[in-house]
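One structure is given below, encoded as structure tokens.
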Amino acid sequence: MSAPSAAQDASGRQPTASSSAAAQLASAKVTLRSNLRQFPDFPIPGIDFVDIMPLFANPQAHATLLNALELEVTQTFANDKPDVIVGLDARGFLFGPGLALRLGVPFAAVRKQGKLPGPCVTAEYVKEYGKDLFQMQEDAIREGQKVLVVDDIIATGGSAKAAADLVTQLKGQVMGYLFILEIPGLNGRDKLGAAPTTILLEDA
């Protein structure tokens, strides 16, 4: 009697597409975590900083990141693909355009005030040391479009909330948020309402 093929699970059944995607995503996350670096006491004492830049220094890790993000979007939203990916200034720009390209949808940038030409909408957000302003070009999103907001990390949630406010001003619909990492204990998700918030490397 021959052994089950690699394409079969232990019971001899063919794996479903969803179980195969879940296995791919789990494997990708292991690879991505192994490429992260930690720097204690940066930028201030008591902070253990997780550095994502090695993910972009290694082309294989970079490709794995984009694969994992695409799988995460597919798992979270099934067939309900976003119409636009919105990335936050500045590290949301590192992977947001690549993810948008993988999904075959446009990318729109959220930038600090004064960095974008032409008519813009503006939203305020609070940082550790004061307030700042985000902007998006008025033609970046059309009325009724479904938007996925992406950034490298969620801390207090203020900047992602400001991005959502910009989308709302343009009459778009925030369908969810996607981050690579989360700083625990700051309850940033609480600011983001009912839309799904996904952390790719939740326990990193």
Side-chain angles (χ1 to χ4, degrees), residues 17-18 20-22 24-29 31-32 52 55-56 59-112 115-123 125 134-154 157 159-182 188-189 191-202:
S18 60
S20 176
Q24 290 178 48
L25 183 56
S27 175
K29 289 181 178 182
T31 299
L32 294 173
I52 67 167
L55 299 178
F56 304 98
Q60 198 168 19
H62 191 176
T64 299
L65 173 64
L66 291 177
N67 288 338
L69 291 167
E70 184 179 8
L71 287 167
E72 195 75 73
V73 170
T74 301
Q75 284 202 353
T76 302
F77 300 105
N79 296 322
D80 193 22
K81 187 171 72 171
D83 297 314
V84 182
I85 300 294
V86 165
L88 273 64
D89 193 343
R91 281 180 287 188
F93 300 166
L94 291 172
F95 60 92
L99 176 60
L101 190 61
R102 289 288 187 96
L103 297 173
V105 302
F107 174 81
V110 170
R111 299 215 62 189
K112 293 179 181 178
K115 298 294 185 180
L116 290 170
C120 294
V121 290
T122 304
Y125 69 103
F134 266 160
Q135 290 186 320
M136 185 183 291
Q137 291 172 315
E138 287 184 355
D139 60 357
I141 295 169
R142 297 193 303 273
E143 182 174 353
Q145 284 189 311
K146 297 173 295 185
V147 174
L148 179 64
V149 176
V150 304
D151 201 7
D152 67 320
I153 194 165
I154 179 171
S159 57
K161 174 62 167 58
D165 291 344
L166 294 172
V167 172
T168 300
Q169 288 183 54
L170 296 175
K171 300 183 179 178
Q173 172 194 344
V174 177
M175 65 183 298
Y177 303 85
L178 176 59
F179 304 94
I180 297 176
L181 300 169
E182 178 180 31
R189 300 191 205 196
K191 288 190 174 75
L192 304 183
T197 298
T198 303
I199 313 299
L200 181 66
L201 303 178
E202 192 148 14

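We're numbering straight along the sequence, starting at 1.
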Note, [X] side chain near [Y] side chain (heavy atom, < 4.5 Å):
X    : Y    : answer
V110 : D151 : no
L25  : L200 : yes
L65  : F56  : yes
I85  : L148 : yes
N67  : Q24  : no
K161 : L192 : yes
Q137 : P117 : yes
R91  : I180 : no

- Mind checking side-chain hydrogen bond (donor to acceptor under 3.5 Å, both in side chains) for D83 and listing every partner two or more places apart, or none if nothing turns up? none
- Mind checking side-chain hydrogen bond (donor to acceptor under 3.5 Å, both in side chains) for K29 and listing every partner two or more places apart, or none if nothing turns up?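 Here the qualifying residues are E72.
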Taking every non-hydrogen atom, the tightest pair across [X] and [Y]:
X    : Y    : result
F77  : M175 : CE2-O, 3.2 Å
I141 : G172 : CG2-CA, 4.0 Å
M136 : V86  : CE-CG1, 3.7 Å
A28  : A68  : CB-CB, 3.9 Å
G98  : L66  : C-CD2, 3.9 Å
S159 : F134 : CB-CE1, 3.6 Å

- Query: Is it true that a side-chain atom of K81 and a backbone atom of L103 form a donor plus acceptor pair closer than 3.5 Å?
  - Reply: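 Yes: the side chain of K81 pairs with the backbone of L103.
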- Query: Out of Q135, K115, R111, which one pairs with C120 under the side chain to side chain contact (heavy atoms under 4.5 Å, CB included) rule?
  - Reply: Q135
Between [atom1] on residue [X] and [atom2] on residue [Y], distance to nearest 0.5 Å:
X    : Y    : atom1 : atom2 : result
F107 : L99  : CZ    : CG    : 9.5 Å
Y177 : T76  : OH    : OG1   : 14.5 Å
H62  : L32  : NE2   : CG    : 11.0 Å
F95  : R102 : CZ    : CZ    : 13.5 Å

- Query: Passes side-chain contact (heavy atoms from CB on, under 4.5 Å), D152 versus L94? Steps please.
  - Reply: CA-CA 9 Å; D152 67 320; L94 291 172; over 6 Å; no
- Might you work through the side-chain contact (heavy atoms from CB on, under 4.5 Å) test for E182 and T197, ending with a clear yes or no? CA-CA 11 Å; E182 178 180 31; T197 298; over 6 Å; no
